[in-house]
Amino acid sequence: MRTLYKALLVLLIAIPSSIYAQESSVSGTVTESTGMPIPGVNVVVKNTSKGAVTDFDGNYTINNVQKNDTLVYSYIGFTTQEIVFVNQSTINVTLEEDSSTLDEVVVVGYGTTAKKDLTGAVNQISTEDFNKGQQNTASQLITGKIAGVNVTTGGAPGDGSNITIRGLGSLQLNNSPLYVVDGFPISNDAVGGSRNPLDFINPNDIESITVLKDASATAIYGSRAANGVILITTKKGKGLDFKFNYSSTTTLYTPTDYVDVLDGDQFRALVNEVGNDAAIGRLGTANTNWQDLIYRDAFGSEHNFSTTGNIGGFMPVRASLGYSDQDGILKNDNFTRTTAAINLKPSFFDGHLKFELNGRGMYNENTFGNRGAIGSAVDFDPTQSVYNPNSTYSPYFTWLNSEGNAQYNLAPTNPVALLNEVDDTAEVRRFIGNAKVDYKLHFFPDLTATVNLGLDKTNSHGRTAVSQALPSTQLDWDGSYSFYENESTNKLFDAYLTYDKDIDDHSVTAVLGYSYQSFYNDNFSYDSEAEQEGNEFEFIDKYEHVLLSYFGRLNYNFDDRYLVTASLRADASSRLNPDDRWGYFPSAALAWNINNEDFFKSNVIDQLKLRVGYGEIGNVNGLGNYLFLTRYTRSRTNANYQFGYIDNNPNFIQTYRPEAINENLRWEIGQTLNVGLDYALFDSRISGSVNAYINKTEDLISYVTVSPFTNFSNGLNANIGDMENRGIEFEINATPIQTEDFTWRIGYNIALNDNEITNLPDQVETGGINGGTGNNIQLHKEGHSPSTYWVYKQIYDENGRPIEGAYVDRNGDNIINDDDKYLAEDPYADITMGLNTNLNYKNWDLAVVSRVSLGNYNYNNMASAKSYQLRATENSILTNLHADTYNSGFQNLTDGNLQSDYYLQDASFFKLDNITLGYTIPNVFSKDSNLRIFGSAQNVLVITDYDGLDPEIYGGIDNNFYPRPRLYSIGVNLNF
């Protein structure tokens, strides 16, 4: 009995003890694989509201945890972990980065989100998928990678790119996307001396590039997002220990082809056939390949050094230095860039207060090869030598006037002289930096206040010195000198609140903000020739425009199945009159994660998301300043007005003339409807998207003629038109093979786009061409694509040779005039494709990038203006001809010949852009170091039926094109 009492007593004591023992506290630290603590990790007790968030040092504590509870550790970009609590007092967790593409963190306007939660048409390309080899600008990193994004880069060193996203959205205004670097929107206007607006950023510093394509994604940026948005995110500090990287690349640039002109013997034969005795007497005895003399094999080198780590355990940091020196294939062309960048991300008060400080400096030195030599090398007589030792006028051969004291007025200038005797240089200094502060309110941790301050400061100095030795049409030529100074200042102030709350199956993120951005420019230039001629020789231009904005966005997620995004931005631009200054740009998007529905269970499909979005965006990008105000332009000094006499001498005063004014200019408004489907299969081994869209632009700004005496000009820009883009995009990324030693990844995209002007009261001629005076070859007209070629229908003989002056009389009135022209093709591709593949076998890697463009047409202006036979001997000089003279047989330069569809050619092409092969040597110096050695070839192969130098010409008019070189690079990349 006593034993029973003792047992009952023990049991009574143990029961409450066991009850209390089941509820305990647990604490620990959450880190990533490198040992770096992760602040902001959600640690919750599964199926309850109990939880905690890790502080800046990755520490957490949860009270009242019961035995056998499951603790869930989750953070965007990392794989979620679940651990069963069995009375441990400490649980330390290491989160692994999530390799699933669905959980990839994507940068969007004023925030980030998981890829699976996107509702708009958004693509993000990261470091691993960037184009390899020598890439001088940020835009080249994504060429051919994204459906609907066309990147056309020039051939000169440091040249920028023309980027269009889903076709053209405007006729007169800028069609370039908005660039946002680390949350700082930059201006698309390049200052004098700068080759492109993105040359300040070293591609080696870029972590990812995100392209926002549809209005539901871009509307948060309002008026500047009419042509899409490109978000550039630079690399940031990470890890606890400092790590270093050094890379070096050496590149050979070689010309691939020349314009097809007559050589010396061919030209002599032609002149002997068609020329008179005087013309034949002008022939020389040389065989000079002028293009061979102005082009060269060029070399370039690039060096980059960076370090990343942590200072004091609370301040991640990354710093970098970069230097590149690139010669152009045009002689005397050189681009040199020095960059420095630093990023600091300190955090305080257990992660409640975070800073992100970005500073980036750039110094460019440019020597511009004289591009006038490109056209002169095609024109110049190949029977003449470069130099004329018998001349007292100039050491270079030139065609002189009858007095022998100046170059003949209509003669081309010796191309070698243009390169040797013109010194055109410039320096550009630029600083861009921003300070972003995030404060998660202690008393309301669901709300974060953000302030982003930015400064973009650029100044440039350039000068052009022309030697007296350069042949000139001016009498008593003594050379010339001009210089310019440009300064631009871009200031940004953003302030916004972000509310982020998860309640059971509901997730809400709301952003509400204000933005102010000003752009100030101060330009000065001087021209010695104008001063010698008594004209205005100093030019001062100062202007400023301001953008004031309010914006908001709401994201709602129910059970990872139903997603809603809505945004509204209100913009006021100082470029518009006060009554029409404000524009309001709403958007809304819905998405349905079908794969998360209970009725849809699949072991194959990881994601099947249907999206639909609509939005409105505005555009005044590229619109001039103060067009709604009366402005006056000072007259030239040789056009002064006589007003009385002073001391019996005529008194001339300088006058001012008013410029055209339009007080009614308002926003171009773009409306976009997008329907999309995202998919992922087989553990995301296959993924991609399909998008269909309609973009409508209303109130297009276009040039329009006005009635006499109603304005200060007979024409001005006005809101008079509408335009529409329709398209379909398809993207697929697949990993067909993935083993321990071998991985094969492949990406393919295709985009179809149809661009049409749907309303334009007045047709507008555009596309100026060389030959004749004031000739245009393209037309903006309702019912057709912008810049459609406006040409005569050429008639051919029975041998298929064009009959000069014979065109189809389309209206049957027996008169050939503009009424007989027709609108043929346009310069923009109907279909574009990109195909890239990456192979990794043990330590070897191979990357191949290619593109296809179908349906784009070029007008071969090099042939049309330079292949008529009488050109060879007219004007008392000799001028070389394009080799097409043998095909056309045209004798005269006429408007009809220039505007014949004979010179309109299909410029569809296949390009093998890049082949890069690399080998990585692990543990080269120590356990944590590796060395990658690589070789690369770019612009490898072009397949096309186009007869010109290159089928890829932005705008479609082939005239004095700077050739794109072929590149051969070798390099090393060392991590230690």
Side-chain angles (χ1 to χ4, degrees), residues 162 164 167-178 187-189 222-227 519 521 541 543-547 571-583 585 616-633 656-671 695-725 755-768 774 776-788 790 955:
N162 289 298
T164 57
L168 302 182
S170 181
L171 296 180
Q172 297 288 108
L173 302 186
N174 194 322
N175 279 286
S176 297
L178 169 69
S187 172
N188 282 335
D189 300 327
S223 63
R224 289 171 295 178
N227 304 303
F519 304 87
N521 288 268
D541 183 25
Y543 59 90
E544 182 177 17
H545 70 272
V546 173
L547 191 68
D571 278 336
S573 172
S574 64
R575 285 174 164 167
L576 299 174
N577 72 84
D579 293 335
D580 296 307
R581 182 159 291 169
W582 281 96
F585 310 109
E616 295 185 359
I617 42 183
N619 191 13
V620 288
N621 301 320
L623 187 67
N625 296 292
Y626 319 120
L627 297 182
F628 62 93
L629 298 174
T630 302
R631 294 153 292 118
Y632 292 89
T633 300
Y656 290 79
R657 66 178 185 272
E659 296 290 331
I661 178 175
N662 185 354
E663 298 177 350
N664 300 314
L665 278 174
R666 57 190 182 276
W667 297 95
E668 288 186 350
I669 301 296
Q671 303 169 338
N695 296 341
K696 295 183 178 180
T697 305
E698 297 180 347
D699 291 334
L700 271 174
I701 294 176
S702 181
Y703 186 81
V704 60
T705 57
V706 296
S707 301
F709 309 112
T710 61
N711 213 302
F712 299 114
S713 174
N714 63 348
L716 47 75
N717 288 325
N719 300 86
I720 61 169
D722 303 320
M723 188 161 60
E724 183 174 288
N725 279 277
N755 200 178
E756 180 183 341
I757 300 171
T758 55
N759 175 35
L760 193 65
D762 295 335
Q763 64 184 30
V764 179
E765 292 189 36
T766 187
N776 295 289
I777 199 66
Q778 294 169 331
L779 194 69
H780 298 322
K781 187 175 182 179
E782 184 177 314
H784 298 271
S785 173
S787 301
T788 297
W790 192 36

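Heavy-atom basis, side chains included; hydrogens, waters and symmetry copies ignored. Position 1 is the first residue of the sequence; numbering continues from there. Source: prediction; values computed, not measured.
- Nearest heavy-atom pair across D722 and E698 is OD1-CA, 3.2 Å.
- At a threshold of 4.5 Å between non-hydrogen side-chain atoms, the residues L576 and P578 do not count as touching.
- Within 6.0 Å of CD in E663 there are 12 or fewer heavy atoms belonging to other residues, nucleotides or ligands.
- With sequence neighbours excluded, no residue satisfies side-chain hydrogen bond (donor to acceptor under 3.5 Å, both in side chains) with N227.
- Scanning for side chain to side chain contact (heavy atoms under 4.5 Å, CB included) contacts around E616 gives P586, Y614, I669, Q671, with sequence neighbours left out.
- Note that the CG atom of N759 and the CG atom of D699 stand 9.5 Å from one another [nearest 0.5 Å].
- Applying the side chain to side chain contact (heavy atoms under 4.5 Å, CB included) rule to T766 yields the partners Q778, H780, S787; only residues at least two apart in sequence or on another chain are considered.
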Between D541 and N521, does the side-chain contact (heavy atoms from CB on, under 4.5 Å) criterion hold? Intermediate values first, please.
CA-CA 8 Å; D541 183 25; N521 288 268; over 6 Å; no
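- N695 places no side-chain N or O within 3.5 Å of a backbone atom of G169 that could act as its donor or acceptor partner.
- Counting all heavy atoms, side chain and backbone alike, I720 lies closest to P761 at O-CD, 3.1 Å.
- Between the side chain of W667 and the backbone N or O of R581 there is at least one donor-acceptor pair closer than 3.5 Å.
- The minimum heavy-atom distance linking L665 with D580 is given by the pair O-CB, 3.9 Å.
- The heavy-atom pair separating A226 from I617 by the smallest distance is CA-CD1, 3.5 Å.
- Contacts of N162 classified as side-chain hydrogen bond (donor to acceptor under 3.5 Å, both in side chains), with partners at least two apart in sequence or in another chain: none.
- Note that the CG atom of L623 and the CG atom of N625 stand 8.0 Å from one another [nearest 0.5 Å].
- Counting only distance, with no hydrogens or angles, the side chain of E668 and the backbone of N619 share no donor-acceptor pair below 3.5 Å.
- Summarising the geometry, atom CD belonging to E724 is positioned 9.5 Å from atom OG1 belonging to T697; distances are rounded to the nearest 0.5 Å.
- When the options K781, H784, Q763 are evaluated for a side-chain contact (heavy atoms from CB on, under 4.5 Å) with W790, the one that passes is Q763.
- How far CG of N621 is from OG of S187: 9.0 Å, rounded to the nearest 0.5 Å.
- Here the closest heavy-atom approach between residue L700 and residue S170 is recorded as CD2-CA, 3.8 Å.
- At a threshold of 4.5 Å between non-hydrogen side-chain atoms, the residues L629 and I661 do not count as touching.
- Heavy-atom minimum distance, P786 versus I757: CA-CD1, 4.0 Å.
- The backbone N or O of R666 lies less than 3.5 Å from a partner atom in the side chain of N719, making a donor-acceptor pair.
- Under the rule for a salt bridge (Lys or Arg N to Asp or Glu O under 4.0 Å), R575 has no partner lying at least two apart in sequence or in another chain.
- Between the CG atom of N755 and the CE atom of M723 there is a distance of 5.0 Å, given to the nearest 0.5 Å.
- Interatomic distance, L168 CG to N175 CG, rounded to the nearest 0.5 Å: 4.5 Å.
- H545 pairs by the ring pair (Phe, Tyr, Trp, His ring centres under 6.0 Å) definition with F519, not counting sequence neighbours.
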